[in-house]
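Here the structure is laid out as C-alpha cells; the discussion comes afterwards.
Every chain is numbered from 1, with letters handed out A, B, ... down the list of sequences.
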Amino acid sequence: MKIASVVFNSSLPQLDKVFDYLIPDSLANRIVIGVQVAVPFGTSKNLKTGIVIAIANISAHTGILSEIAEVVSALPVLTMEQYALCKEVAIRQLGQVGELLGTAVPKRSIRAEANFLKSLKNDPPKTSAATAPKKIGAIRTFFSPGLLDEDSQSHWTTYIIEKAKHQLQNNRGVLVVLPDFRELAAFEEALQLAGLESFSCRQSSEDTLQIRWTNHLRSVNDSGLIVYGTRSASFAACNDLSSIFILDDGDESHHEQGSPYWNSRDVLLQRSHLEQCSIEFIAHSPSSEVSRLCELGYLDQITTTAHKPLVRISIDTERIDTETYALIAKTLGDDKPVLIQIANLGYATALACLSCKEIRRCDTCHSSLWLDPSRTARCRGCKKTAENICSCGGSSMRPTSLGSNALAEQLTRSFPKAHIIHSSGAERITGIERKGTLVIATPGAEPSVAGGFNLVVLADSLAMLGVPRLRGLEQACQKWSNAIAKTSFDGLVVIVGITGVLAEQLRNLDFSAVVRDDMLERCELGLPPATRMLSISASNAIDHKRISEAIKTEIAELESIPTAVPNTIVYGYPIGAGNTVASKLKILVNSVSKSSKNKLPGQRVLFLNMDDHKAI
DNA sequence: AGCACGCCGACT
DNA sequence: GTCGGCGTGCTC
C-alpha cells in the first residue's frame, strides 16, 4: 500500500509536522496530492481532516500507520506552491505551517463544491502544462504610476492589465494583491473594461462562503488566471505563476494583525523567489522597504514621464491661507470639485504654544497634545490631561490645525452656498458627481470624481508630520500622493505648512527622493527598514524574565531595545539574519513555553512577533 | 485540540 | 482499600 503524508490546519506547535497514513486500496484512485482527507487521530473518536501533501512508498515513521478513513474533497484544495510558501513564511515568522494553511485554504462549502464539480463536467479546465513556455527572465521593479489617476494610460490598473494580458496569452497565472476593497473595485472595473472577467478570479474574505470556495477551487484547478484580492490573496493558489503585482505595499492594511504577523510585501517577495517569477511593486510613493530594495539594486525603479499637476506650497502656519481660500472660492464658483485632505477628526490635531511657536507635547510620553471632543487638552499617546504651561514658560496655546468638524463649520461659514461633503474612515463616500462640491476627507477616504478634482488642498501636512513616529514621513507621503493622484489634468495642488528641503522635494512631487532620504537616515541610525524589530511578550513576569535571560546567554548578537510595554522585550536584528534569528529563537521559545510553571490551561505563554511595527 | 495515563487526597 | 482530581504527553 502507498503512504500519504498529511498536514493539519492547526496552530498547535505539537501538530506542526506531517503525519503519514496508509492509503487503502478502496481510496487509492481518489487520493491525489492536495485533496482533503479524514483520518483517525490519536485516541479521538472523531475523524480529523487534513490535506495530503505527498504520496510515497515508504514512511520515515517507525511506528504502525493508520489508514486514511475517507476522502473529503474530490478535488485538490491546496497547491504545492501554496504549501511551500506556508512553510517558508512559518519559518521566517516563527509560526506554525498549520495556522497559515487556514489563510491559503478558505472554509469549505459543500454546495459550492457540488456545483463546481457539475460545471467541470460541462467545461473541463484548460490543461496548460504541455504548452506553457519555460520561465521568462524574472522582472523585479518598483513602478510609480503617474500622479494623475484620470490619465488612464498611466493608471496602475492599465499597467497591470497590459502586462497580465501578455501572460494570459501564454496561459500563465498573474497574482494581484491590493490594499483595500476600494482598489479591488477599481481593478474589477478595469478588468471588465478589458473584457478579462472570465480570466480573473477574485479571492476576498468579504465574499460569501460559497463564492469564496468556488473561486478557490477554480484557482487551484484551473490555469491562465488573474488571481486578485486583498492581503490574504498573497497565499492564494495561482497555477503557472508568472508575475506578482502588489499595490501600495506600505499601506497598513497589508499587515496581518494576528500571529504570525506576516505582511503582503514579505510574503510575496518569498513567493517570487520560490516560484521564480516576477514581482512588481506599484505605488505613487514608495514604502521605505521598497526604497531600500531600489537602493540595493534589487528592484529597478520605473519612473513615469506622465505630466504632474501644478503644486503651490503655502508656508502660512494658518491651516488655509487667504490665497488658498480665494482658490477654493474660485473653483467652487466655476462649479468644479475641490478636495481638502485633513489629518483626522476631532476639534484640533495639535496645539502650539503662542510664545515659542513650538508644538506642545506631553511631559511624560512626548506625544503631541490635542483638544479632545470635550475640548480638553490631552495627550494623544497616554491620554493624560496636560498642564497649561509650556516648557518655555508661555501659558497660552492655540490649535495649529482644526479637525474636520471644526473646519467644516468654518468652511460652511466661509462658503455658505457651497455643497460640503465629509468622508472619513467611519463614514466613507466612494464617489461624487462632478460639480462644485467641497469634499473634506481624511487620508484614504477621498472619494473619486470623474475627471478629477480641480483643486486638492493638503491642509494638515504639518500635523501629519508632527507625530513623532518612525514611519510618519513615509506614511504621510503615501497619503499625500494618493490624494494628489485625484487631481484633474488642469488641476492645482496646494500643500499647506511645509518649508525647507522637504518643500522643494514636494514642489516637484518627488516622493521617491523624500522617502529615500528618510530611509537612508534611518538605516544609519540602526532603525527599520535595514534593521527589524522583533518583540516577545510573556503572559507573566516570571516567564518574561526566563526568556530574556535565555536570549541574553544563547543569542548574544541580538540587540535589546528598551520598551515601556510590560512583560515585553524588543530586539533589533539585521534584516538578512531573519531566518537565523528565527530558528535560534524557536528552540528557546519552545523550551521556555514547555517548562513554564505559570501557564494557565489553554493560554499561550509567549507571543512572538518577528516584525513588530509598533515596537518603536 | 482531545484523550488516556498516572500518581496523590476523601470516601463507602 | 477504591474513586476521581487534573498535570503531562502523545497523536502517523
Side-chain angles (χ1 to χ4, degrees), chain A residues 1-73 76-78 80 82-84 86-87 89-91 93-108 209 256 258-261 538-544 546-547 550 586-608:
Chain A
M1 268 197 280
K2 290 237 179 195
I3 289 151
S5 297
V6 175
V7 288
F8 301 109
N9 175 158
S10 161
S11 61
L12 293 167
Q14 308 94 295
L15 301 188
D16 191 35
K17 51 178 176 166
V18 299
F19 291 86
D20 288 348
Y21 286 88
L22 293 168
I23 302 175
D25 293 337
S26 58
L27 300 178
N29 56 350
R30 291 169 60 203
I31 287 177
V32 291
I33 286 175
V35 295
Q36 262 178 338
V37 289
V39 294
F41 193 73
T43 49
S44 170
K45 291 191 277 288
N46 302 320
L47 297 173
K48 197 170 174 63
T49 49
I51 297 173
V52 175
I53 53 98
I55 295 171
N57 290 317
I58 50 155
S59 169
H61 189 250
T62 47
I64 20 164
L65 302 180
S66 296
E67 286 188 6
I68 290 178
E70 47 195 72
V71 178
V72 175
S73 174
V77 301
L78 180 77
M80 287 307 101
Q82 282 182 291
Y83 179 59
C86 290
K87 278 205 288 191
V89 174
I91 291 169
Q93 297 297 103
L94 222 161
Q96 271 67 56
V97 178
E99 59 192 340
L100 293 168
L101 285 175
T103 312
V105 184
K107 209 167 168 288
R108 183 164 173 259
L209 211 76
E256 177 65 34
S259 174
Y261 311 100
S539 57
N540 63 77
I542 297 156
D543 288 321
H544 166 249
R546 290 173 65 221
I547 187 71
K586 185 158 194 155
I587 301 164
L588 296 187
V589 166
N590 283 351
S591 84
V592 168
S593 302
K594 218 174 184 177
S595 60
S596 170
K597 303 266 185 294
N598 311 284
K599 63 176 164 231
L600 302 159
Q603 185 75 63
R604 265 168 84 162
V605 185
L606 300 172
F607 297 85
L608 199 141

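For the pair Leu15(A) CG and dC3(B) C1', the computed distance is 13 Å after rounding to whole Å. Asn590(A) has its CG atom 14 Å from the P atom of dG9(C), to the nearest Å. Atom P of nucleotide dT11(C) and atom CD1 of Ile68(A) are separated by 18 Å, given to the nearest angstrom. For the pair Asp16(A) CG and dA1(B) C1', the interatomic distance rounds to 14 Å; values are reported in whole Å. The separation between Asp20(A) atom CG and dT11(C) atom P is 13 Å, rounded to whole Å. Atom CG of Leu47(A) is separated from atom C1' of dC12(C) by 14 Å (rounded to the nearest Å).
At the heavy-atom level, Leu65(A) lies under 4.0 Å from the strands shown only through sugar-phosphate atoms. At a threshold of 4.0 angstrom between heavy atoms, the contacts of Leu22(A) with the nucleic acid are absent. Within the 4.0 angstrom heavy-atom criterion, only backbone atoms of the sugar-phosphate kind lie near Lys45(A); the bases stay farther away. Residue Phe41(A) is in base contact, counting any heavy-atom pair closer than 4.0 Å across all strands shown.
Checking dA1(B), dC12(C), dA4(B) against every side-chain atom of Thr43(A), the shortest atom distance belongs to dA4(B).
At a threshold of 4.5 Å between non-hydrogen side-chain atoms, the residues Met80(A) and Ile53(A) count as touching.
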